[in-house]
Protein chains: 2
Amino acid sequence: MAVTKEKNEINYHSAEECPITATIDVIGGKWKPPIIWLLLKGPLRFGELHKIIPGMALKVLSRQLKELEADGIIIRKAYPEVPPRVEYRLSEKGETLREVIFLLSDWSRKHIINA
Amino acid sequence: MAVTKEKNEINYHSAEECPITATIDVIGGKWKPPIIWLLLKGPLRFGELHKIIPGMALKVLSRQLKELEADGIIIRKAYPEVPPRVEYRLSEKGETLREVIFLLSDWSRKHIINA
DNA sequence: CAGTATCCAGTTGGATACTG
DNA sequence: CAGTATCCAACTGGATACTG
């Protein structure tokens, strides 16, 4: 990411350098907001997430979780049991998204009329 | 987002619990953050936007502007002149995104470390 | 239980030429 | 100047079957 000199100053010329886009890339996967929202309430297992968000294909959940993990937002903990148990929770970095998530949610409630 | 497809009506476990996606749909097009960011500073003409964000194809700029307009974020004003002059500016609703945009930008600066 | 593998469809983004 | 038209590539997301 290109270094930004002054806060709130227009100093990028491509989407790749845009810090806003960078954040959206982290939280903007189709199912990432619901996943993060749910994990803000507490850790969940893979199957629980799948059950709570029924429209989401297994493969998609799997990849979104991998991406969130790669971005340092969530932490995957596998318990050496049979049958296996895997728990996902927010990292400290992920917790810092709480403010962001809440503001996005709030803006929607205030300004998006339908739904 | 200016949605013309019904497929975006996704049955989250509870749509009201997850309005985050709705906001991201509005601001999350690839070039929308830079466009909104620029317009937060003041109105710009089509060609100015195109010049300032050189990597963006004309067709893409055109569609992103249409979508932002359809979502009530920006206002398009065409002056009846030859050659034509068209100016884009944020609506009042668009101005309310300032806080959101700044927070997203701020989070990126604080938590996305990679170069 | 917690995922992969496979294969497929829809949407988005892109380069370039053209028009009112 | 301010866009469209055309055609195309890439990516994301999806349904289902299968595995450790």
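Order of the sequence lines sets the chain letters (A, B, ...), proteins ahead of strands, with each chain counted from 1.
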Phosphate OP1/OP2 of dT12(C) contacted by Gln64(B) side-chain N/O (<4.0 Å):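 For dT12(C), OP1/OP2 do not have a side-chain N/O of Gln64(B) under 4.0 Å.
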Glu48(B)/Lys51(B) under salt bridge (Lys or Arg N to Asp or Glu O under 4.0 Å): CA gap, chis, key distance, verdict: CA-CA 5 Å; Glu48(B) 291 175 324; Lys51(B) 207 167 66 179; over 6 Å; no
Ring pair (Phe, Tyr, Trp, His ring centres under 6.0 Å) pairs, two or more places apart, involving residues 84-103 of chain A: Trp37(A)-Phe102(A)
Working for side chain to side chain contact (heavy atoms under 4.5 Å, CB included), residues Trp107(A) and Leu97(B): CA-CA 8 Å; Trp107(A) 190 88; Leu97(B) 281 170; 3.4 Å; yes
Rounding to a whole Å, what distance do you find between [X]:[atom1] and [N]:[atom2]?
X	N	atom1	atom2	value
Trp31(B)	dG14(C)	CH2	C1'	10 Å
Met56(B)	dT16(C)	CE	P	16 Å
Lys32(A)	dT12(D)	NZ	C1'	11 Å
Lys51(A)	dC1(C)	NZ	C1'	12 Å
Leu61(B)	dA15(C)	CG	P	13 Å
Lys30(A)	dA9(C)	NZ	C1'	12 Å
Lys77(A)	dC1(C)	NZ	C1'	18 Å
Leu44(B)	dC1(D)	CG	P	15 Å

Closest non-hydrogen atom pair between Lys30(B) and Thr21(A), with its separation: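 Minimum heavy-atom contact is O-OG1, 4.1 Å.
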Set of side chain to side chain contact (heavy atoms under 4.5 Å, CB included) partners for Glu69(B), sequence neighbours left out: Ile74(B), Arg76(B)
Ile75(B): side chain to side chain contact (heavy atoms under 4.5 Å, CB included) partners, not counting sequence neighbours: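 Checked Ile75(B) against side chain to side chain contact (heavy atoms under 4.5 Å, CB included); matches are Arg89(B), Ser91(B).
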Contacts of type salt bridge (charged side-chain N to carboxylate O under 4.0 Å, His left out), residue Glu81(B), not counting sequence neighbours: Arg85(B)
Axial bend angle, the helix from dC1(C)-dG20(D) to dG20(C)-dC1(D): five-pair end segments, nearest 10°: 50°
Contact letters for nucleotides 2-7 of chain C, in which S counts primed atoms plus P, OP1 and OP2 and B counts the base, heavy atoms under 4.0 Å: SBBBBB
Exceeds 12 heavy-atom contacts within 6.0 angstrom, atom CD of Glu99(B):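 Incorrect, the count does not exceed 12.
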Heavy-atom donor-acceptor pair, Lys93(B) side chain to His111(A) backbone, under 3.5 Å: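 Yes, Lys93(B) side chain to His111(A) backbone: donor-acceptor pair under 3.5 Å.
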